[in-house]
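Below: the structure, in structure tokens.
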Amino acid sequence: MKTEMKKVYLDNMATTPVLPDVRRAMLPFLTESFGNPSCLHEWGDVPRDAMEAARRQVADLIGGNPEEIIFTGSGTESNNMAIKGLAMAQQKKGKHVVVSAIEHFSVLNSAKTLEKWGFEYTTVPVDKNGVVNPEDVRKAIRSDTILVSIMQANGEIGTIEPIKEIAKITKEKDILFHTDAVAATGNIPVNVKDLGVDALSLAANMFYGPKGVGALWLKKGTRIMPLLDGGIQEGGRRAGTENVAGIAGMGKAAELARVEMKVRMENLIKIRDYLIKELPLKVSHVIVTGHPQNRLPGHASFCVEFIEGESMLMLLNAKGVGVTSGSACTSRALQASHVLLALGLPHEIAQGSLLFGLGTDNTKEDIDYVLEVLPPIVERLRQMSPLYSKFLKQEKGE
Amino acid sequence: MKTEMKKVYLDNMATTPVLPDVRRAMLPFLTESFGNPSCLHEWGDVPRDAMEAARRQVADLIGGNPEEIIFTGSGTESNNMAIKGLAMAQQKKGKHVVVSAIEHFSVLNSAKTLEKWGFEYTTVPVDKNGVVNPEDVRKAIRSDTILVSIMQANGEIGTIEPIKEIAKITKEKDILFHTDAVAATGNIPVNVKDLGVDALSLAANMFYGPKGVGALWLKKGTRIMPLLDGGIQEGGRRAGTENVAGIAGMGKAAELARVEMKVRMENLIKIRDYLIKELPLKVSHVIVTGHPQNRLPGHASFCVEFIEGESMLMLLNAKGVGVTSGSACTSRALQASHVLLALGLPHEIAQGSLLFGLGTDNTKEDIDYVLEVLPPIVERLRQMSPLYSKFLKQEKGE
Amino acid sequence: MPIYSEKVMDHFTNPRNVGEIENADGIGEVGNPVCGDMMTFYIKVKNNRLEDVKYKTFGCGAAIAVSSMVSELAKGKTLEEAMKITPESVVNELDGLPTVKHHCSNLGAQALHAAIENYKEKQKAGGQKNG
Amino acid sequence: MPIYSEKVMDHFTNPRNVGEIENADGIGEVGNPVCGDMMTFYIKVKNNRLEDVKYKTFGCGAAIAVSSMVSELAKGKTLEEAMKITPESVVNELDGLPTVKHHCSNLGAQALHAAIENYKEKQKAGGQKNG
Ligand SMILES: Cc1ncc(COP(=O)(O)O)c(C=O)c1O
Ligand SMILES: Cc1ncc(COP(=O)(O)O)c(C=O)c1O
């Protein structure tokens, strides 16, 4: 069958493809311009210029200044650097940190590490759509709070958080505010000045740049302890020979994201809304997770009741569709997504998690294909699910 | 003039070019195989395989097991992870660390950070050739010492350290031993079992791989605290989406280094010895730094008296020659190389540092070119040096 | 390479013996949705042999493949032979499982054994009710 | 882009007024090899004007370019005018210097001013010895 051969990548929240222009921007630094940007001879000149150009491109994407950009090796590194580095630099003022319950593990586990180092942290809850209430942040703030970290958008449920409102509170209380914008940057407009934050994490592979490059925007004058000690790259704040090719790619990807953002968003929102509307019509007992509207443009996430996510995604894979799940079985840690549980979903429902990360390549046809292949998969898995038979028996009043 | 146009890159200790085969190994991961290796659908399969193949290639280069390889973002990150992570994991046993005086800043400054965290560290001296005396390590070890870190080879003076002998002492005392083999790995035979170490850092851009990828080899069963908290990539020891393209490149570079090592070494040693023999014959008052024989194959380093390194390298650059210097002026920190000072050289001599990192591309002709263009440069700078006029006056007995 | 062997994929995409047995001689239920996998095994016993084995499984690809493999291995075996089916033997028959999925193989054997125990208890309690 | 402006490179590769002045009217020596740069300025004064300015410099590209620029700026100026040569004006004339190299511009002006002070002291001490 022809449709059997179709390939539909719908996992752009895990990583995006690298755009051809981005790859082209990288190649010189894997060929003739291989030099180390720290070098004073001419082999250092082009790489150094490329780094500075990329710094400006990334700064422009988020409305910051180039000097405020610190290139890192991933969104995870940016988050670790922000949480640990800002807390350590502020520890004389206090040792308490506030995060939300749905932060990425790179934030949550950094907070846990701070705890080992003698800090304390408070976790702010979210509502059933995954939204943090700024007043909860206010309540969590203590006299010794030095840092608040709330993500701009969640990668698992797509919900966009009220960063601006939270920033008003942190400003009023004179506390540093970091936002993990790894899932958001490049996909929705992000402006550090508008948001009012002090630090912001981003990663290239979330907006069609290469994997292995991230950045931390750090407001001018904000003190931070480096995570990587050593040489004086990145103004002494992030030592180590720079991934010049990756950084050049990130710069190009940032520029493209800035220029094309409006068009990309319009297209994505159209097909995302179509998927969110249609899927629950084609499959019974499906819950949309995350905020129904105020979510990332390419993000559609569901819980399919009575069955488990990994088996769905494997069968979708057999049909050429690449998606992901927050089920315990898909996590190598074998725990259901803390994000889904924070929404108040019970474990058996969280296990049916399915997450579509739509990208610029996707079309309505791709969605139609999913809507065609998914229902029989669900049906088949339900037919073999003990939870589903129990449910049917209960319905019949047995 | 024809020779004016010649380009001779002699800064392979700063970074090496990326070999064409290495670049070719990377490209699929910037095109069709862009997927995230953590993903369970087919887009994750090829990247995951590539990571595992690279893990084996890197392990094979250093005689380790693939499971013992943790990929990082740089040699600096590997060193930070080793020093901080091993110390933190061992802190109940003691809080004292031993390093040498000529370690790279990524080791030294990590030790300084440990100091802020309540640890202490002792610095072991080196002799005038930059060699650590194992007995000095023994003397530095205290009852609360938990970690020794001595580099395998120094990047500035090329000296190779007696790691095997030091490992005997650490083993006897039951203390973890890390070696920074960033400058060594890929350039000389490195075998973790032979060496007897517990952890070893390496970086791809030191052996014709890409910048922005390193690895830490960690002996099976050795506990470490991650530097980057978050997801469970690299067995939970180094979180963050992996730089798959870079890792694939590192793997290929490791394989080529292993296969070609003997030939590369023979060629390099020939032209290196030629440079080390000839340069002091063409230029008076030149000191060879580092060990005269027991040094990295492509490494030749000197101090040219009475003049300063940066001005030499800029004039060499004008002749198309790329080299580096450990002078205060070339370091953005404006301090003379701690390595050269540790050899016992006075500041004014350390300022005349010149470092040649010969690579597989270099030929005897390249060295002849340097030997042709350098003497007039030195002469010219000496003519304008107040130190040289003082010296001449003293010689004349004024 | 996919994380699962071809054998696992085969059993996952074409699981054998799926279903329930009405008036089963023994039922074994293990797991819960917190850990991610649930299996219910149904057995029909005749002359001390597993005449039929069926199951329902909620869980990942490994859990489903393990259930299928266990049902195949068990069918036709005596109760004693069936009790000797170990997680390791299931993993081997499937040409291996990723380390993180080994617990699934435990569940499969456990569910089968639980069904057999259930049969034995029923036997003890009330004779061959559904014999 | 190279770290230095074209103007710096020009003064570095073709430094003006290099040398010593025998029987100089004033000598100013600043810096030391620890910080990496040393400059010795020599001046010849006639009618309160810098008739000649020469120098010897041990140091980086910036240090050499700064010395050259200072010597050019100073030559022909009155002592008072020369004392007004500031590090900033030197940096400007060179079309800028990397931030880490700004200290070199300090040294250049300092060395010139030290030579002028040295001249003035000599004047005070023993009249126009080498006038
Ligand atoms: C919100 C958020 N933060 C951080 C990360 C970590 O990014 P990486 O795995 O690239 O380090 C992710 C990755 O998906 C994310 O969605
Ligand atoms: C011995 C040694 N260790 C560590 C490093 C740091 O490597 P990187 O700058 O690639 O992080 C270097 C770099 O030259 C080195 O020579």
Side-chain angles (χ1 to χ4, degrees), chain A residues 9 11 14-18 23 26 29-31 34-36 38-43 72-77 79-80 104-106 109-110 112-113 117 203 205 210-213 227-232 239-246 310 313-314 316-317 321-324 330-333, chain B residues 9 11 14-18 23 26 29-31 34-36 38-43 72-77 79-80 104-106 109-110 112-113 117 203 205 210-213 227-232 239-246 310 313-314 316-317 321-324 330-333:
Chain A
Y9 182 72
D11 202 3
T15 201
T16 53
V18 180
R23 184 169 53 253
M26 297 173 69
F29 307 99
L30 299 171
T31 47
F34 65 85
N36 187 322
S38 298
C39 288
L40 297 176
H41 48 67
E42 65 173 88
W43 283 265
T72 69
S74 63
T76 290
E77 186 186 330
N79 282 339
N80 273 261
H104 187 262
F105 279 124
S106 50
N109 291 350
S110 289
K112 278 184 193 147
T113 293
W117 294 351
N205 65 310
K211 281 180 288 304
V213 210
L227 196 61
L228 300 183
D229 294 310
I232 46 164
T241 299
E242 302 92 337
N243 178 358
V244 181
E310 191 205 284
L313 81 82
M314 308 260 332
L316 281 168
N317 184 47
V321 179
V323 297
T324 192
T330 44
S331 89
R332 270 182 283 175
Chain B
Y9 182 72
D11 202 4
T15 201
T16 53
V18 180
R23 184 170 50 253
M26 297 173 70
F29 307 99
L30 299 172
T31 47
F34 64 86
N36 187 321
S38 298
C39 286
L40 298 175
H41 48 67
E42 65 171 90
W43 283 266
T72 67
S74 62
T76 290
E77 186 186 331
N79 282 339
N80 273 261
H104 187 262
F105 278 124
S106 51
N109 291 349
S110 290
K112 279 185 193 148
T113 293
W117 295 350
N205 66 310
K211 279 178 289 303
V213 210
L227 195 62
L228 299 184
D229 293 311
I232 47 166
T241 299
E242 302 92 338
N243 178 358
V244 181
E310 191 207 282
L313 80 82
M314 307 260 334
L316 280 167
N317 184 47
V321 179
V323 297
T324 192
T330 45
S331 88
R332 269 182 284 174

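In what follows, every heavy atom counts, from backbone to side chain, and hydrogens, waters and symmetry copies are set aside. Model, not experiment: these values are computed from the prediction. Protein chains get the first letters and strands the later ones, always in sequence-line order, with residue 1 at the start of each.
- Classification of the A/Trp117-B/Trp117 ring pair by plane angle, with boundaries at 30° and 60°, yields tilted.
- Put simply, the side chain of B/Lys211 gets close to the backbone of A/Phe34: a donor and an acceptor are under 3.5 Å apart.
- For A/Val321, the part sitting under 4.5 Å from any heavy atom of chain B is the backbone (N, CA, C, O) and nothing else.
- A distance of 10.0 Å separates NZ of A/Lys112 from CG of B/Asp229, quoted to the nearest 0.5 Å.
- Top candidate by heavy-atom pairs under 4.5 Å with chain A, chosen from B/Ala14, B/Gly230, B/Gly212, is B/Gly230.
- Comparing B/Thr15, B/Leu30, B/Asp11 by how many heavy-atom pairs each has under 4.5 Å with chain A, the most go to B/Leu30.
- Taking OG1 of A/Thr113 as the reference point, atom CG of B/Leu227 lies at 10.0 Å (rounded to 0.5 Å).
- By number of non-hydrogen pairs under 4.5 angstrom with chain A, the leading residue of B/Gly73, B/Pro17, B/Gly231 is B/Pro17.
- The residue among B/Ser74, B/Ala245, B/Gly35 with the most heavy atom pairs within less than 4.5 Å of chain A is B/Gly35.
- If you tally non-hydrogen atom pairs under 4.5 Å between each of B/Val323, B/Asn243, B/Asn80 and chain A, the highest count goes to B/Asn80.
- Within the 4.5 angstrom heavy-atom criterion, no atom of B/Thr72 approaches chain A.
- We find the OG1-CG distance between B/Thr324 and A/Asn36 to be 8.5 Å, quoted to the nearest 0.5 Å.
- Heavy-atom pairs under 4.5 Å with chain A peak, among B/Thr31, B/Val244, B/Leu313, at B/Thr31.
- To the nearest 0.5 angstrom, A/Tyr9 atom OH is 5.5 Å from B/His41 atom NE2.
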